[in-house]
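Contents: one structure, followed by commentary.
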Amino acid sequence: MSSPCDPRYAPAGDVDGALMVIDSRLRAVQDGRTGTDPEQQKLLDQLTASLDLRGVHDLLDGACTLVFIFMKWLRQVHEEHDRDVIEYVVPSLVVTLRMMPRSVRPEAIPTMAGLVIAAATGLSPSLWRRQYGDWTKEEMTALEATALLLAEHINRIAGDRDFATRLIGETLSRADREAGLGFGGAGGPGGVDGRQER
């Protein structure tokens, strides 16, 4: 029986926009800056200024797609070493989010843990979260931090500061190629079709 949180039914959202936000934050962290590069900030400001309510939902869905793809990769890496991704990733993520009280409100952390666990078990984080009503402002900020921390974790494992960004680009390119060849659905090997979350 199919789950209502099956990724095949989830919108991919604005993955490009979400990736731009996360990538700019990653670069700031990697360069040891406390703020975003002025040029990157200008692009982010333009993006956010152009968003209507639908655009905000698309950006949130896009960030959830990033979380799903990141957790899928982390799950595969951990399974190669007979490790449970939930056991090895979620506790450190929660601890790190708790160390960010100015950015991440404590009440948003359980939702982020649930979101990441949903992704780790192959469920759509977006559809999982949708069960509980509208996103709160605190959760939106926490979602950005969660995607950023997962990307940074992946980059550390890979030993490559751009690996997580390339992982998303390659996944989307593969999905576009598969969609062009007529492969449908997110459930196939390789992950995603052009408009569905992986």
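Just so it is clear, the structure is predicted and the values come from calculations on it, not from any experiment.
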Heavy-atom pair with the smallest gap, counting every atom of [X] and [Y]:
X	Y	answer
Val67	Pro125	CG1-CG, 4.3 Å
Gly17	Leu59	C-CD1, 3.5 Å
Leu123	Pro7	C-CG, 4.3 Å
Phe70	Ala147	CE1-O, 3.6 Å
Ala142	Val104	CB-CG1, 3.9 Å
Ala18	Gly62	CB-C, 3.6 Å

Measure the shortest side-chain to side-chain distance between [X] and [Y] over non-hydrogen atoms and say whether it is less than 4.5 angstrom.
X	Y	answer
Asp160	Asn155	no
Ile22	Glu144	yes
Met112	Leu115	yes
Tyr9	Ser2	yes
Asp162	Arg27	yes
Trp135	Val56	no
Leu148	Glu152	no

N-O pairing of [X] and [Y] below 4.0 Å:
X	Y	value
Arg129	Glu139	yes
Asp84	Arg75	no
Arg8	Asp6	yes

| task | If you link ILVMFWY side chains whenever their heavy atoms are less than 4.5 Å apart, which other residues fall into the same cluster as Met99? By chain and number, please. | result | Val95
| query | Has Arg161 got more than 12 heavy atoms of other residues, nucleotides or ligands less than 6.0 Å from its CZ? | reply | yes
| said: Could you check whether atom CZ of Arg166 has more than 12 heavy atoms from other residues, nucleotides or ligands sitting under 6.0 Å from it? | reply: yes
| said: Please check: side-chain N/O of Thr121 versus main-chain N/O of Ala118, any donor-acceptor pairing under 3.5 Å? | reply: yes
| Just by distance, do the side chain of Ser126 and the backbone of Cys64 share a donor-acceptor pair under 3.5 Å? | no
| message | Count I, L, V, M, F, W, Y as connected when their side-chain heavy atoms are under 4.5 Å apart, and connections chain through other members. Are Tyr88 and Phe163 then in the same cluster? | response | no
| query | Once the angle between the rings of His153 and His78 is folded into 0 to 90°, is it parallel (under 30°), tilted (30 to 60°) or perpendicular (over 60°)? | reply | parallel
| request: Starting at CG of Leu149, measure out to OG1 of Thr146 and round the result to the nearest 0.5 Å. | output: 6.5 Å
